[in-house]
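Just below is one structure, and these are the notes that go with it.
Please read these numbers as outputs of a predicted model, since none were measured by experiment. Within every chain, numbering begins at 1; the chains are lettered A, B, ... in the order of the sequence lines, protein sequences first and strands thereafter.
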Amino acid sequence: MSNSNPPPGTSDVFPEEIPLWHRLEDSAREVFPLYGYGEMRTPEFEYTEVFERGLGNETEVVQKEMYTFKDRGGRSLTLRPEGTAGIVRALSGTDVMNGIEKRVYYLGPMFRGERPAAGRRRQFHQVGVENAGRIAPEIDAECIAMLLHYLEKIGITGSTLLLNTRGTLEDRPPAENALREYFGKDIETMCDDCKDRLNRNVWRILDCKQEQCQKVIEAAPDVVSLFSPETQKFFAEVCEILNRLGIKYEIAPRLVRGLDYYVHTVFEVTHPGLGAQNALAGGGRYELYLPGSKKPVIGVGFAAGLERLLMAQEALELAPPENLIPPVFLVGLGGNARRLNMKLAGDIRRAGIPAMAEVEDKSMKAQLRAANRINANFVLIRGDEEIDKGIVVAKDMNAGTQEELPESEVIKWMLPKIIKKC
RNA sequence: GUGGUUGUAGCUCAGUUGGUUAGAGCGCCUGGUUGUGGCCCAGGAGGUCGGGGGUUCAAAUCCCCUCAAUCACCCCA
């Protein structure tokens, strides 16, 4: 019903779906450390300037998608719309500025005030990595390899890796001029957004999807050829290393990406069957400026959207993870039996087996139905008769058989059957 | 932020040109078995028809507004 809805663009994740999330999170915690990356946690909000300066004032994210508010001290704070700026803000206090490499990954919610659509939420979740402090084509290539390793780990196949270079800050002006000159001639035929972008951010015109703009964009100058020889060499090396690693990619000359901090290598992984928002993950090399600092933090990283990874897994019909240990249900007939069962349930749990004991005065039939509903493999039944005899009835739900056991034997009875299952 | 589509039971959905007490399947509860689940049978609970206003003798149905979901634009993970 409508009144149980959370705010637009946010979702509740119920326990039934949590294993799917754990699979993504556990896999990240498994794969990234293999490359020397450690988990890092930064605040979910930052000073607004961290994002304004870090992502670029002209970006759409900063201009119209941030959740910004003033705290009681009058500080302007913003719910993080992405992960890199906060991580880099924290790392800037370390010796990354002296060329010492830091390898970190993070996991958590991000916030963007957009209109929700398929694969787009206002609170969404990312897993990302940052390699900060050093620059080398090898690092970029390994970062991409690590992303693909992660996707492989979580069973996502059939994705496409798109690759491009944004050049350095010094490379941009000549290329920008060429683009501005070229698009300037036909700007009247292009969409309103592009008209605006011509002066504000010409690069964004390159990935405009409007049909009338596409015709003009197709014949646009090849900006990469205008970049410096060093920049072109850097990109060629990244490609060459990827070739050697056996990683397939597509060069996407119009891949620009929406954050201003990118330089050199940029990449995106797309997947069919995600709808209009088809990017599973994206990233690249960056030079990120923090407020009050003249020197940028350099690094390379990526972020993947957990909701989109889930969508891809669903499109691939990946089987959900299974519970390894089947639960036990304790049927109790009468208050005395139920209290004894609570004690026994505690012992069973301490043996590592999930146990649920009935707490209400319900019929045998109702209690067994409940056991069936939670897919209990074993049921322990106790009533006055059993209490008098000093035993419990242990029932194997799959076999349909049952036997009488002293309470102290119950765990010993179950364990071998459980181990056999796993 | 702009547009399209959709809102009826916990879930998936019927509901005729406006017509009397709003239905089905699944799920849930109880019984058929004095203390034995799944299958079957019988019964039962559960609905401000998203919300508000309007038209009408009469609105789930028509009109307006609003909220929400969803998809697309846009943006990006």
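Within 4.0 Å of A/Gln63, counting heavy atoms only, lies no atom of the nucleic acid at all. When heavy atoms are screened at a 4.0 angstrom cut-off, A/Arg373 is found touching the sugar-phosphate backbone but no base atom. Among the heavy atoms of the strands, none lies under 4.0 Å from A/Gly128. Among the atoms of the strands shown, base atoms are found under 4.0 Å from some heavy atom of A/Gly119. Residue A/Leu309 is classed as having no contact, given no heavy-atom separation below 4.0 Å to the nucleic acid. At a threshold of 4.0 angstrom between heavy atoms, the contacts of A/Glu65 are confined to the sugar-phosphate backbone, with no base atom among them. Note on A/Ala371: nothing from the nucleic acid sits closer than 4.0 angstrom, heavy atoms only. When heavy atoms are screened at a 4.0 angstrom cut-off, A/Glu60 is found touching the sugar-phosphate backbone but no base atom.
OP1 or OP2 of B/C74 has not a single side-chain nitrogen or oxygen of A/Arg204 nearer than 4.0 Å. OP1 and OP2 of B/C71 both lie 4.0 Å or more from every side-chain N or O belonging to A/Gln277.
Pair assignment for B/C26: B/G10, on the basis of Watson-Crick or G-U wobble contacts that are both within less than 3.5 Å.
Of the candidates B/G35, B/G37, B/U36, B/U36 carries the atom nearest the A/Gln402 side chain, counting heavy atoms from C-beta on. With B/G37, B/C75, B/U2 as the choices, the nucleotide that has an atom nearest any side-chain atom of A/Lys365 turns out to be B/G37.
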Please step through side-chain contact (heavy atoms from CB on, under 4.5 Å) for the pair A/Arg29 and A/Leu107, ending with a clear verdict.
CA-CA 9 Å; A/Arg29 294 190 166 107; A/Leu107 221 40; 3.3 Å; yes
